[in-house]
Amino acid sequence: MERTLVKDIQAHEGKEIMLSGWIHRIRDLGGVTFIILRDRSGRCQIVTNEAMELTQETVVRAYGKVCANDKAPGGYELALDHFDVLGPAAAELPFPVNGDPSKVGIELTLDQRMISLRNPQILSIFRLQASLVQYFAEYLRGRDFTEIKSSKMIGTGTEGGTSVFSVEYFDRKVFLAQSPQFYKQAMVSSGLERVFEIGHAYRAEKHETSRHINEYVSLDVEMGFIESEMDIIKLERGLLAYIFDRVNENNREDMEAWGATCPTGDQVLKAPVISHDEAKQIIRDKLDRRVFEISPEGERALCAWSEEEHGTPLVFVNEFPRRKRPFYTYPKGTKTMSFDLLFRGLEITTGGRRINEYAMLKETLPRFGMTEEQLGGYGDIFKYGCPPHGGFAIGLERLTQKIMGLGNIKECSLFPRDRKRVTP
RNA sequence: GGAGGCGUAGCGAAGCUGGUUAUCGCGCCGGCCUGUCAAGCCGGAGAUCGCGGGUUCGAUCCCCGUCGCUUCCGCCA
């Protein structure tokens, strides 16, 4: 007999069908037992008069007849004929699969990741995340961007101040890529002009906060033939507006699991662009004290300001000072053609125009205490003709976290890696 | 790396100005129950109160140390 998905049972009313899934909940009333079965499409009720030994999370095939019943959740239920047990489950689960995950500490949730991921509410985070990846790629492919996959093992050191992990590579050491920055620039220059990459990035920072993990997914974009960072901001506005519209269309259920809401595409288009100096002034006014840097508290203040003044929880900050940006950032006086995007109080993107002329790059290096040798092959991208270009990267887990309104980024990583955790 | 908070049963918590059987809810085990929706009712098992030391007649409670977790900060996506 062919399998029927839980979401389709009403179409089989009166017929014998077979469902496959996990025993989500058992309500044994003595003479009658109600069993909730869960599969990838949802949950439905199975009813039986027979007493049976069954544990939660046992994987079964359930044979029976679909009956309409007002008292059944969803209006239909399966009158059970019999179960085939495909995968028995031990009693006493290490994590409440059918409970409210917000009542459980994050430590247990992550220690028991293999089981906590079964929780439908937790799983909804990753359904949404998968959708974000899909929409991101959809939008870019539709605009002539080519997807690339670059190596995460790099032979030469670092591109910025961030520390990198080193790993053994036969008889020497290599580093885990902190971003695909140079490779995506190389691919712009190679003639693809427009590229994007979805891949892991590694940061060896010893930070321990609710917004950092040491391995994260970076949604990277790079594009040739631009004038300034404003072209990149425009691209990201359109991209995020598309992603958010699609989320609001297709991911309602995922968001409802957490009582979350996603901004509209229109709100993304309304996001203001303010300079780094303006941003500091706004924070100064809001917090009523002197401000020298945009701190996390300042980021929250900026988003609150944007919400009040522009009706959007997003704000672009551009014209960062040169010393706050990596050496390859295109200068503009003492400032740079670069930007951050803040969303609901958190930085989710850094981007900007990059230096595309070898002479300018060479001139810039000493300011960062670097030499041409340290560039390795990077310099060749520009030595032999490279179009003006730029791009940005979105932190996938951060974006997920902010849409879902979750307190800790680790909840948005399937198997998070932090200072202490490398398992499961 | 710095600052704060928290470690009590499988999970989430209460407790104690220091007093001898450490409490509650969920879960688990057993019993009753034919329409449940976090089912209900009855019963039961389950805790060296993170670890080490100190103060005290007596410490889960106070003090010191240590380990773990967590939040915030620095830095970043």
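Numbers restart at 1 for each chain; the letters A, B, ... are given by sequence-line order, proteins then strands.
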Using a cut-off of 4.0 Å on non-hydrogen atoms, how would the nucleic acid contact of [X] be classed: base, sugar-phosphate, or nothing?
{"X": "A:Gln45", "answer": "base"}
{"X": "A:Asn69", "answer": "base"}
{"X": "A:Ser218", "answer": "nothing"}
{"X": "A:Lys71", "answer": "base"}
{"X": "A:Arg419", "answer": "sugar-phosphate"}
{"X": "A:Glu293", "answer": "sugar-phosphate"}
{"X": "A:Pro96", "answer": "nothing"}
{"X": "A:Ala72", "answer": "base"}

Say you pick atom [atom1] in [N] and the same atom in [M]; how far apart are they, in whole Å?
{"N": "B:U23", "M": "B:C29", "atom1": "P", "answer": "23 Å"}
{"N": "B:C63", "M": "B:U56", "atom1": "P", "answer": "16 Å"}
{"N": "B:G53", "M": "B:A59", "atom1": "P", "answer": "13 Å"}
{"N": "B:C11", "M": "B:C69", "atom1": "P", "answer": "15 Å"}
{"N": "B:G54", "M": "B:U60", "atom1": "P", "answer": "14 Å"}
{"N": "B:U48", "M": "B:A39", "atom1": "C1'", "answer": "37 Å"}

Taking [Y]'s backbone N and O only, do any of them form a donor-acceptor pair with [X]'s side chain (distance below 3.5 Å, no angle check)?
{"X": "A:Glu411", "Y": "A:Asn408", "value": "yes"}
{"X": "A:Gln121", "Y": "A:Ala257", "value": "yes"}
{"X": "A:Thr4", "Y": "A:Ile9", "value": "no"}

Nearest-angstrom distance from the residue atom [atom1] of [X] to [atom2] of [N]:
{"X": "A:Glu215", "N": "B:C76", "atom1": "CD", "atom2": "C1'", "answer": "16 Å"}
{"X": "A:His24", "N": "B:A38", "atom1": "NE2", "atom2": "C1'", "answer": "10 Å"}
{"X": "A:Asn119", "N": "B:A38", "atom1": "CG", "atom2": "C1'", "answer": "13 Å"}
{"X": "A:Ile409", "N": "B:C76", "atom1": "CD1", "atom2": "P", "answer": "16 Å"}

Kindly state each residue pair satisfying salt bridge (Lys or Arg N to Asp or Glu O under 4.0 Å) with at least one member in residues 415-424 of chain A, sequence neighbours excluded. A:Asp111-A:Arg421, A:Lys410-A:Asp418
Sort and list the pairs that fulfil salt bridge (Lys or Arg N to Asp or Glu O under 4.0 Å) and have at least one residue in residues 327-344 of chain A, not counting sequence neighbours. A:Asp277-A:Lys335, A:Glu319-A:Lys332, A:Arg325-A:Asp340
Please output the side-chain donor-acceptor pairs of residues 389-401 of chain A that fall under 3.5 Å, not counting sequence neighbours, one pair per line with the distance.
residue	atom	partner	partner atom	Å
A:His389	ND1	A:Pro387	O	2.9
A:His389	NE2	A:Gln185	NE2	2.8
A:Glu397	OE1	A:Val217	N	3.1
A:Glu397	OE2	A:Val217	N	3.0
A:Arg398	NE	A:Arg211	O	3.1
A:Arg398	NH1	A:Glu347	O	2.8
A:Arg398	NH2	A:Arg211	O	3.0
A:Thr400	OG1	A:Gln129	NE2	3.0
A:Thr400	OG1	A:Leu396	O	2.7
A:Gln401	NE2	A:Leu406	O	3.1

Taking only residues two or more places apart in sequence or in another chain, which ones pass side-chain contact (heavy atoms from CB on, under 4.5 Å) with [X]?
{"X": "A:His310", "answer": "A:Pro272, A:Trp305, A:Ser306, A:Thr312"}
{"X": "A:Asn98", "answer": "A:His24, A:Arg25, A:Gln56"}
{"X": "A:Ala11", "answer": "none"}
{"X": "A:Thr146", "answer": "A:Leu192"}

For the pair A:Glu147 and A:Lys149, find out whether any cationic side-chain nitrogen is under 4.0 Å from an anionic carboxylate oxygen. yes
Summary of protein contacts for nucleotides 67-73 of chain B, nucleotide by nucleotide, where a base hit scores B, a sugar-phosphate-only hit scores S (4.0 Å, heavy atoms): --SSSBB
Do the rings of A:Phe244 and A:Phe343 sit parallel, tilted or perpendicular, given the 30° and 60° boundaries? tilted
Hey, what's the ring geometry for A:Tyr378 with A:Phe382, parallel, tilted or perpendicular (30° and 60° as the breaks)? perpendicular
Less than 4.5 Å apart, side chain to side chain, heavy atoms only: is that true for A:Arg38 and A:Val97? yes
Using a cutoff of under 3.5 Å, can you pull out all pairs of nitrogen or oxygen atoms linking the protein to nucleotides 26-31 of chain B, with atom names and distances?
residue	atom	partner	partner atom	Å
B:C28	O2'	A:Glu92	OE1	3.4

Nucleic acid contacts of residues 26-38 of chain A, taken as heavy-atom distances under 4.0 Å to RNA chain B: A:Arg27, A:Asp28, A:Leu29, A:Gly30, A:Gly31, A:Val32, A:Phe34
Considering only residues two or more places apart or on different chains, which pairs with a residue in residues 85-143 of chain A satisfy ring-ring contact (aromatic ring centres under 6.0 Å, His included)? A:Phe136-A:Phe196, A:Tyr139-A:Tyr242
Watson-Crick and G-U pairing of RNA chain B, under 3.5 Å, as dot-bracket with | and [ ]: (((((((..((((.....[...)))).(((((.......))))).....(((((..]....))))))))))))....
Among the candidates B:G35, B:C37, B:A77, find the nucleotide nearest to the side-chain atoms of A:Val47. B:G35
